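Predicted model, so just to flag it, every value in this text is computed and none were measured. Reckoned from all heavy atoms, side chains included, excluding hydrogens, waters and symmetry mates. Order of listing sets the numbers, starting from 1, for every ligand and every atom in it. Residue numbers run from 1 in the order of the sequence given.
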Amino acid sequence: MTYLVAADLPRETAGSRFRALLNSPGILRLPGAHNGQAALQAKAAGFEGLYLSGAAMTASMGLPDLGIITVDEVAFFIRQIARATGLPLLVDGDTGYGEALNVMHMVRVFEEAGAGAVHLEDQLLPKKCGHLNDKKLASAYDMAAKVAAAARARRDLVIVARTDAAASEGIEGTIARAKLYTEAGADAIFPEALTSIEMFRAVRAALPGVKLLANMTEFGRTPALTAQEFQDLGYDMVIWPVSSLRVANKAQHKLYQVLARDGATTAMLPEMQTRAELYHLIGLNDFEALDSSIALSIPPAPVG
Ligand SMILES: C[C@](O)(C(=O)O)[C@H](CC(=O)O)C(=O)O
Ligand SMILES: [Mg+2]
């Protein structure tokens with residue numbers, strides 16, 4: 001299947017398809033896919049929705065996750081994932097790249113690029129990974145204004161409000177902010193960097209009926225729980241934001257070490273995606289068959 005034939009494209013918008021997944025039974029499992037290739041591999045494994053992580057995206061660019069990159073740079077990643085897979089995608093919108101009007105611009109650009117959902121966080125720039133120390137929190141009201149702005153700008157993009165308040169304002173601050181952001185128009189809440197199962201339970205209990213996202217990033221502050229365990233805690237979505245990049249990076253690191261040592265890649269062949277596997281995944285045959293079918297669909301050129 002290619003993204004080039006109108007009749008093959010999904011009829012519903014990415015936002016409504018994301019919402020339908022969110023409203024269907026069971027926790028929505030959203031593995032991080034840091035580019036189109038990773039997204040295709042996640043789709044082949046059976047995932048129905050994906051997550052585009054700011055941390056993984058910036059790391060893949062060789063940059064720290066401090067909110068430096070721009071809306072258009074993120075749109076480049078959204079487009080490749082949406083084209084390659086057609087799957088609904090939750091995108092990390094960081095702090096929205098500014099204030100209300102910037103947030104609105106981000107929502108329009110992300111929606112046009114093919115995103116199904118976005119999350120916005122209540123940090124000040126330079127923002128940080130939620131699992132690091134010394135984050136600077138925005139005022140709850142400034143963040144609520146951004147959520148309201150996002151809700152005004154979207155057609156049907158799902159708006160997820162993330163709060164980083166747990167470290168500085170505790171569970172009470174997290175819950176109070178979550179309530180405010182929900183009133184401002186958020187469709188779901190992402191309580192970031194909760195450090196215990198009790199905290200996950202407390203947030204769930206305080207926000208009946210509100211959709212909740214859990215972040216199962218590795219090497220962070222959240223204890224390692226499975227998708228089933230988050231579902232049993234009453235959570236509606238779970239992300240594994242950086243996992244694909246961490247694994248890919250480690251493999252790449254090994255390749256360069258071996259190549260520098262041996263002057264050849266031979267020792268790495270068993271660990272490589274083969275040419276055939278690569279072409280199969282990206283659908284090379286489908287694109288070539290499409291090209292041939294176009295030539296066959298028009299009257300032949302006159303002879304002589
Ligand atoms: C979810 C997150 O915002 C991301 O960009 O993927 C990061 C993940 C990470 O750095 O491990 C986060 O702030 O938790
Ligand atoms: Mg992020």
Side-chain angles (χ1 to χ4, degrees), residues 28-35 38-39 42 47 49-71 73-78 81 89-98 103 106 110 115 117-138 143 146 150 158-168 174 177 181 186 188-196 199-200 203 212-225 227 230 235-250:
L28 176 55
R29 302 181 307 160
L30 301 169
H34 58 281
N35 59 26
F47 289 98
L50 300 170
Y51 176 64
L52 178 57
S53 149
M57 196 171 21
T58 51
S60 80
M61 298 161 103
L63 294 173
D65 184 21
L66 294 171
I68 302 169
I69 62 169
T70 64
V71 170
E73 286 173 298
V74 180
F76 173 77
F77 283 86
I78 297 172
I81 293 169
L89 177 68
L90 167 62
V91 180
D92 185 346
D94 284 352
T95 61
Y97 312 96
V103 168
M106 174 196 74
F110 282 9
V118 65
H119 72 72
L120 263 178
E121 70 203 35
D122 55 5
Q123 289 196 56
L124 297 176
L125 289 169
K127 51 91 5 111
K128 288 182 168 203
C129 162
H131 295 251
L132 298 179
N133 294 329
D134 303 324
K135 294 183 287 185
K136 293 182 296 247
L137 221 51
M143 173 65 177
K146 289 189 186 184
V158 173
I159 310 291
V160 181
R162 158 172 154 176
T163 177
D164 282 70
S168 54
T174 301
R177 282 172 176 262
Y181 304 162
I189 296 294
F190 171 178
E192 169 66 318
L194 302 187
T195 55
S196 67
M199 288 177 98
F200 279 97
V203 171
L212 293 177
L213 179 147
N215 175 9
M216 193 57 267
T217 192
E218 301 88 5
F219 315 108
R221 296 194 167 171
T222 297
L225 297 176
F230 281 121
Y235 280 67
D236 303 283
M237 292 175 266
V238 53
I239 59 173
W240 295 268
V242 196
S243 320
S244 63
L245 183 89
R246 295 192 210 284
V247 169
N249 282 358
K250 188 102 174 185

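- Residue contacts with ligand 1 for Tyr51 involve side-chain atoms from C-beta outward but no N, CA, C or O (heavy atoms, distance under 4.0 Å).
- Considering only heavy atoms from C-beta on, Glu121 comes within 4.5 Å of Lys127 through its side chain.
- Contacts of Ala248 classified as side chain to side chain contact (heavy atoms under 4.5 Å, CB included), with partners at least two apart in sequence or in another chain: His34.
- Of all the heavy atoms of Met57, none lies under 4.0 Å from any atom of ligand 1, so neither backbone nor side chain is involved.
- The two atoms that bring Val203 and Pro191 nearest to each other are CG1-CG, 4.0 Å, heavy atoms only.
- The closest protein non-hydrogen atom to atom 6 (O) of ligand 1 is Ser53 OG, 2.6 Å.
- In terms of protein heavy-atom proximity, atom 3 (O) of ligand 1 is nearest to Arg162 NH1, 2.8 Å.
- Proximity of Pro126 to Lys136: side-chain heavy atoms (C-beta onward) are separated by under 4.5 Å at one or more points.
- Looking at Asp92 and the Mg ion (ligand 2) together, the shortest N, O or S contact belongs to OD2.
- With 2.8 Å as the limit, Glu121 does not count as an N, O or S neighbour of the Mg ion (ligand 2).
- Contact between Glu218 and ligand 1 is absent, with no heavy atom of the residue lying under 4.0 Å from the ligand.
- Residue Ala56 has no N or O atom closer than 3.5 Å to an N or O atom of ligand 1.
- Using bins of under 30°, 30° to 60° and over 60° for the plane-to-plane angle, the ring pair His119/Tyr51 lands in the parallel bin.
- Checked by distance only, ligand 1 and Lys127 stay at 3.5 Å or farther apart across all their nitrogen or oxygen atoms.
- For atom 11 (O) of ligand 1, the closest non-hydrogen atom of the protein is Thr217 OG1, 2.6 Å.
- Across all their heavy atoms, Ala227 and Arg29 have their closest contact at CB-CD, 3.8 Å.
- Between Leu120 and Met143 the shortest heavy-atom distance is O-CE, 3.2 Å.
- The side chain of His131, and not its backbone, has at least one atom closer than 4.0 Å to an atom of ligand 1 (non-hydrogen atoms only; side chain from C-beta on).
- In this structure, Ile239 and Leu213 have side chains that are in contact, with non-hydrogen atoms separated by less than 4.5 Å.
- The shortest heavy-atom contact between Gly130 and Asp164 is CA-OD2, 3.4 Å.
- Between His119 and ligand 1, a contact under 3.5 Å exists for no N or O pair.
- Here the closest non-hydrogen pair linking His131 and Asn215 is NE2-ND2, 3.6 Å.
- Between Asp92 and ligand 1, an N or O atom pair is found at a separation short of 3.5 Å.
- When only non-hydrogen protein atoms are considered, atom 7 (C) of ligand 1 lies nearest to Ala55 CB, 4.2 Å.
- The N/O atoms of Phe190, backbone and side chain alike, include none that comes under 3.5 Å of an N/O atom in ligand 1.
- Distances below 4.0 Å separate heavy atoms of Gly130 from the following atoms of ligand 1: 12 (C), 13 (O), 14 (O).
- Only the side chain of Glu192 comes within contact range of ligand 1, with a heavy atom under 4.0 Å; no backbone atom does.
- The protein heavy atom nearest to atom 10 (O) of ligand 1 is Cys129 SG, 3.0 Å.
- Looking only at side-chain heavy atoms (C-beta outward), Asp92 and Val74 stay at 4.5 Å or farther from each other.
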